[in-house]
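From a predicted model like this one, the values you see are computed outputs, not experimental measurements. If you read the sequence from its start, that first residue is 1, and numbering goes on from there.
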Amino acid sequence: STAGDITTTGDNISFNGAVTLTGSVSFSSGSGAGDISFSSTVDGTTAGVEGLSLTAGTGSITFSGALGGVTRLGDLVIVSAGDVTAGSIVASTISQSAGSGTTTFNGALDTNGAGGIDLNGTGFTFNAGVTTTNGGGVTITNSGVLTIGSSADMSLDGAFTQDGSGSVSTAGDITTTGDNISFNGAVTLTGSVSLSTGSGAGDVSFASTLDGTAGSEDLTITAGTGGITFTGAVGSSATLGNVSASGGSVTVSSTFSVSGDITFTADSIDLNGGVDSVSGTGTITLQPTASTTTVGVAGESGTLQLSAADMDALADGFSMIYVGRSDASGAMRIGALTVSDPITFRSPASGGSITVTGQITATDDATVTFDTPNLYLGSDIVTAGEAVVIDGDFVLTSDVTIDTTNGGSVATGASITFNGKVNADLASNNRTLTLDAGTGGDISFNDVVGGLERPYTLTISNARDVTAGAITVGNLVQSAGQG
């Protein structure tokens, strides 16, 4: 039981038995190599009152037993040390002013003061969970490596800030109550990680690079109405697995490479890394936060704006590009666009609609699918031997050509399928629909053509088999057929 300070001239300070603080104390071995060690437990007398300040210079500090396990300590302050090793700590606040070695926390940390945890030094390792309450956050200023193990999930009532120049190696989840999560140094995921600021305005940001280890580490980010920012390259040394980022905004400023799927959910998505800067072999989904939110693609109007530059940022190699939500009812408008991977535009719920005002050109293996009950097509669709599927009702708002032969360069073409009704906006506008499925593609009309407002001319330039039910048009022309 102690309330007295102890100071040595570079000599060790050690306690073999359990220690109870009856007042705030300061133990110092000076600026030299004297160690400070506690072989048993350390507790306060009145919860959160008695503080402990330790100065070990270049010496080590070792806590073999729990701190505050029976009665919470006040402020735990490490002024200086070489290496620090601790088990579980329950204190008002935990801080370290300087450290020349590695500080390792092998037990759970729990603070209830507004100061939370503030660590400054070289290296830090967390092997168990961290909990802060009463507005306390975690700030780590590391010049060496910060390691967060898979068992070191953090539940914080304040911000998480890594603002040192050192790197971060992490497999631990971090959750805050609407407070920011930020990483200044290069981050490597050694396991799948979830970062969440809740449903409020907390931001999540990476100021440097972000990499995986084996290419299978998943990253899930939930930022509520806050922003998510990737400033440095993602996956340049080792790709991530699946990445899901949901917030008020998502901004990618460099290259972004994954081996799994990418899902960006926000009302502002900016892919600013340049042409072909976002790459992967799985699917990528670009969608707004709510099902009723409108989407504008390639210069068209909408709350979520996906510019032509955003779409050009998608490198060839994705198995599918999804634009829009699977439950969307908000309108989507699409301008002129070129894609090199299969793409599905989605506004499938009741009342949903997609309006195409510019030519969609699909190169390489890109198919084009419109998943909506109401498609308004005012420009051409051209693919290089890949299918076009229109799932809902289809309205011509201009003369339109759907060509799966890329102007004849892929003679075999591909199938063109209409699963809903086909009409013009007004019969009196005399719209023409021209279809070219090549020598190997089928054309299928799986519902009525012209039942409400007839197209004036329906021209089939080429196809293998053509299947249709009732057709009402002004002119029906088939130039060639193989089946």
Side-chain angles (χ1 to χ4, degrees), residues 78 84 93-105 109 115-126 130 132 135-149 152-191 193-197 201-213 217 219-224 226-238 240 243 245 247-257 270 272-273:
I78 298 171
V84 178
T93 65
I94 301 170
S95 65
Q96 180 171 330
S97 301
S100 57
T102 299
T103 297
T104 302
F105 299 105
L109 305 185
I117 299 171
D118 187 356
L119 305 175
N120 298 267
T122 304
F124 297 93
T125 298
F126 293 83
V130 177
T132 67
V138 171
T139 300
I140 302 172
T141 307
N142 58 301
S143 59
V145 180
L146 165 62
T147 301
I148 304 173
D153 295 342
M154 299 188 183
S155 178
L156 312 180
D157 194 26
F160 174 89
T161 305
Q162 183 271 323
D163 58 6
S165 60
S167 62
V168 179
S169 176
T170 182
D173 300 339
I174 301 174
T175 302
T176 73
T177 53
D179 304 287
N180 296 346
I181 298 173
S182 61
F183 295 91
N184 184 65
V187 176
T188 299
L189 303 186
T190 57
V193 169
S194 175
L195 305 174
S196 175
T197 62
D203 300 331
V204 178
S205 61
F206 298 87
S208 186
T209 57
L210 172 62
D211 287 288
T213 302
E217 294 79 20
L219 176 63
T220 302
I221 302 176
T222 304
I228 299 171
T229 304
F230 302 95
T231 300
V234 176
S236 60
S237 296
L240 305 186
V243 175
S249 65
V250 175
T251 303
V252 177
S253 298
S254 186
T255 57
F256 196 104
S257 181
D270 293 300
N272 298 329

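When the side-chain hydrogen bond (donor to acceptor under 3.5 Å, both in side chains) test is applied to D163, the partners found at least two apart in sequence or on another chain are T141. With sequence neighbours excluded, the residues satisfying side-chain contact (heavy atoms from CB on, under 4.5 Å) with T147 are T125, V145, S169. When the side-chain contact (heavy atoms from CB on, under 4.5 Å) test is applied to T122, the partners found at least two apart in sequence or on another chain are S143. Residues that satisfy the side-chain contact (heavy atoms from CB on, under 4.5 Å) test with T93, not counting sequence neighbours, are D75. For D270, the side-chain hydrogen bond (donor to acceptor under 3.5 Å, both in side chains) partners at least two apart in sequence or on another chain are S268. For S155, the side-chain contact (heavy atoms from CB on, under 4.5 Å) test picks out no residue, with sequence neighbours left out. The ring pair (Phe, Tyr, Trp, His ring centres under 6.0 Å) check on F105 picks up F126, with sequence neighbours excluded. Under the rule for a side-chain hydrogen bond (donor to acceptor under 3.5 Å, both in side chains), the partners of T103 that lie at least two apart in sequence or sit in another chain are Q96. Listed by chain and number, the residues in a side-chain hydrogen bond (donor to acceptor under 3.5 Å, both in side chains) with Q162 are N142 (sequence neighbours excluded).
Here the side chains of F206 and V234 are not in contact, with every heavy-atom distance at 4.5 Å or above. Side-chain contact between N180 and T161 is absent, with no heavy-atom pair separated by less than 4.5 Å. Inter-residue side-chain proximity for T197 and D203 is flagged as unmet; no heavy-atom pair is nearer than 4.5 Å. Within the 4.5 Å cutoff, side-chain heavy atoms of L219 are placed close to those of L210.
Separation of atoms OG (S97) and CG (L119) is listed at 10.0 Å; rounding is to 0.5 Å. The distance from atom CD1 of I140 to atom CD1 of I117, rounded to the nearest 0.5 Å, is 8.0 Å.
Between T209 and A186, the closest heavy-atom pair is OG1-CB, 3.3 Å. Across every non-hydrogen atom of A223 and V204, the tightest pair is CB-CG2, 4.3 Å. Between S249 and G227, the closest heavy-atom pair is OG-CA, 3.4 Å.
Every pair passing ring pair (Phe, Tyr, Trp, His ring centres under 6.0 Å) that includes a residue from residues 153-177 is listed here, sequence neighbours excluded: F160-F183.
Looking only at distances, no side-chain donor or acceptor of D118 sits under 3.5 Å from a matching main-chain atom of S95. Within the 3.5 Å criterion, the main-chain N or O of S236 finds a donor-acceptor partner in the side chain of D211.
The side-chain contact (heavy atoms from CB on, under 4.5 Å) test with M154 is passed by exactly one of I148, L109, T132: I148.
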Tabulate below the donor-acceptor pairs under 3.5 Å that side-chain atoms of residues 170-177 make, not counting sequence neighbours, or state none.
unit_1	atom_1	unit_2	atom_2	d
T170	OG1	G172	N	3.2
D173	OD1	S194	N	2.8
T176	OG1	D179	N	3.1
T176	OG1	D179	O	2.6
T177	OG1	D157	OD1	2.8
T177	OG1	D179	OD2	3.2

